[in-house]
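Below is one structure, written out as C-alpha cells; the observations come after it.
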Number of protein chains: 2
Amino acid sequence: MIKIQQSTLYGEAAARIRDMINEGQLLPGTRIPEKKLCEQFGISRTPLREALKVLASEGMVELLPNRGARVVRLTRQMLEETYSVMGALEGLSGELACRYISEAEVADIQALHYQMMAHYKRREIRPYFEFNQRIHDAIMLASRNEVLRETHASLNYRIQRVRYATNMTDEYWKQAVADHEAMIDCLLDRDGERLGTILREHLRHKLVVAAASGVIDDDRTDPC
Amino acid sequence: MIKIQQSTLYGEAAARIRDMINEGQLLPGTRIPEKKLCEQFGISRTPLREALKVLASEGMVELLPNRGARVVRLTRQMLEETYSVMGALEGLSGELACRYISEAEVADIQALHYQMMAHYKRREIRPYFEFNQRIHDAIMLASRNEVLRETHASLNYRIQRVRYATNMTDEYWKQAVADHEAMIDCLLDRDGERLGTILREHLRHKLVVAAASGVIDDDRTDPC
DNA sequence: GAAATGAATTATGAATACAAAACAGAAAAA
DNA sequence: TTTTTCTGTTTTGTATTCATAATTCATTTC
C-alpha cells in the first residue's frame, strides 16, 4: 500500500519559507513581504498567511498585528535559552533510548558514527554535519517518544540557520567527536544516565560554537 | 504610558477554542465544524481557519487535509510521553531557578505555598490547583528562560483538560504536598540539582493520577 | 535645516466568492 | 439482503475582494 501524502499549499509554503530563512534569503529582522512571496510561489495570500501562522508558533517568525511578519532575530540570549532546553530534551532522549533501543538500532547508529568519522578525518564539514544530525535523530527515534521528537524538532528549526553558518575550530571539533565516541559506548552499555549527561554537555559545547558563528543579531539597532 | 494590546480575531478564536476543548464543549475525536463556530463567534472562516493552524501546531487539534480539523485524543501513550517531556522541562526550570531566583521571589513562592496548604487542609481542590499551578509558573519565571517557559506552556495546553477532570486520591494528594514541601526547602537552599530531581519525580506522580482521570481516549473505535 | 503635519500609497486583516473534494443517501445491480 | 454506483449536498481549500490600519513622502512650520 502506497501512502499518499496529501500536501497542502500552506504546508508547502511554510516549508519553503523555512528554507529561505535558513539559507539566508530572508534576513532576520526584515519584513516578510506577503505579496512578493505570493507571486514567487504562485499562490494567493490566504494559504501564505496560514503558513506564517504556523511558522510563528514554531518561533521562526513573529507576527506584529497590522504590521506583518518578520523573521525573528537570533539573539545570543535566545540561542542560549534554546540550547539549554534542547540539552534537556536530548538528555531525556538519551535516557529513554537506552531503555528501549534495539540491537539493530545500536548497530545502525554505530555505522552512522563510522561514516561520520570518515568525513571528520577528511575534514568534510557538510557531510559530517549530515551524519551528525542523523545520529542525533536516530537516538531521538529510539527514545520512543513522539512528543519529545516533535518538541525537539520544533526548537531545532529555529537554530538551523546557525548550523548553516558554523565554522568549527579544530579544538571544538575534536571535543565533539570525543563526545560522540562516548555516546556510542553508553548506547552499547545501555547506560542511560551517562548518555543523558553527555548529551546535555554536548549541547553546551555546541552552544559555544554557535554563539561564535556570526549569525547572532545582537546589538543591531532594532527599528521596531 | 498605556500599553495598547492589539488583539486579532484569530488569536481570540484560538483562545476560545482552546477553552472549549478544555471544558469539554468540543469532544476529543470529534470534528470541529468551521461553519458552526464561525456563526457562534461571529467571524468569518478566514480567521477561524488561521486559529486552527495555530492550535494544530500546539497539538490541540489535528488537521486532516480536505477532511477538516479534529480535537486530538489524549491516549494514555501520548499522556505518558507528554508528562515525560514536561518532567524534563520542569526539572530544568528547577535547576535554573535555583541559580537565578531572588530572595523576594522565593518569599513569594513560600507565600503561595502556604495559601495552597490552607486549601489542601480544607480539601478545596479547585483553589488548591490554582495555587499549585501558580507555584510551578513562578519557578518557570525564575528560571529566566523564555524559550523554556513557552515550550512548557505549549505542552501544558494539551493536557489541561486532564487537570479539569482529575480526582485526587488522599494518598496522592499527600505525596504531592510532600513534594511541594521539599521544593520549598530546595529553593531556600538553592539546591538546583535536587529541585530538578524532585520536579521530575513530581511530574511522574502527576501522570499516575492523570492516567486514572477518565479523560483518556484509548480503545475507543476510531472512525478515521 | 530639522521636525511635524497630512494626503496618497501600500500592506494587512477579514469577509466573501468560487472550485474541488468528501460525504450522504437513494437507486440499481449482484 | 448486501453491495455498488450515482447524484445532490455539504464542507473544505483557495482566490478574490473590500475595509482599515500603517507607511511613505511631499509639504508646511518652526
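The model shown is predicted, which means the values in this text are computed figures rather than measured ones. We name chains A, B, ... by the order of the sequence lines, and we start the count at 1 in each one.
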Rounded interatomic separation in angstrom, taking [atom1] from [X] and [atom2] from [N]:
{"X": "A:Leu9", "N": "C:dA19", "atom1": "CG", "atom2": "P", "answer": "17 Å"}
{"X": "A:Glu50", "N": "D:dT12", "atom1": "CD", "atom2": "C1'", "answer": "11 Å"}
{"X": "A:Leu52", "N": "C:dA14", "atom1": "CG", "atom2": "P", "answer": "14 Å"}
{"X": "B:Leu37", "N": "C:dA14", "atom1": "CG", "atom2": "P", "answer": "17 Å"}
{"X": "A:Lys53", "N": "C:dA14", "atom1": "NZ", "atom2": "C1'", "answer": "11 Å"}
{"X": "B:Glu12", "N": "C:dA14", "atom1": "CD", "atom2": "C1'", "answer": "14 Å"}

Can you say whether a donor on the side chain of B:Thr46 sits under 3.5 Å from an acceptor on the base of C:dA15, or the other way round? yes

Less than 4.5 Å apart, side chain to side chain, heavy atoms only: is that true for B:Val147 and B:Thr151? yes

Pair listing, salt bridge (Lys or Arg N to Asp or Glu O under 4.0 Å) test, anchored in residues 88-103 of chain B, at least two apart: B:Glu95-B:Arg200, B:Glu103-B:Arg190

Return each pair, listed once, that meets salt bridge (Lys or Arg N to Asp or Glu O under 4.0 Å) where at least one residue sits in residues 17-26 of chain B; pairs must be two or more places apart or across chains. B:Arg18-B:Glu58

Which residues share a salt bridge (Lys or Arg N to Asp or Glu O under 4.0 Å) with [X], sequence neighbours left out:
{"X": "B:Arg204", "result": "B:Glu201"}
{"X": "B:Arg163", "result": "none"}
{"X": "B:Glu34", "result": "B:Arg45, B:Arg49"}

Kindly give the atom pairs (protein nitrogen or oxygen, nucleotide nitrogen or oxygen) under 3.5 Å for nucleotides 5-12 of chain C.
unit_1 : atom_1 : unit_2  : atom_2 : d
C:dA11 : O3'    : A:Arg31 : NH2    : 3.4

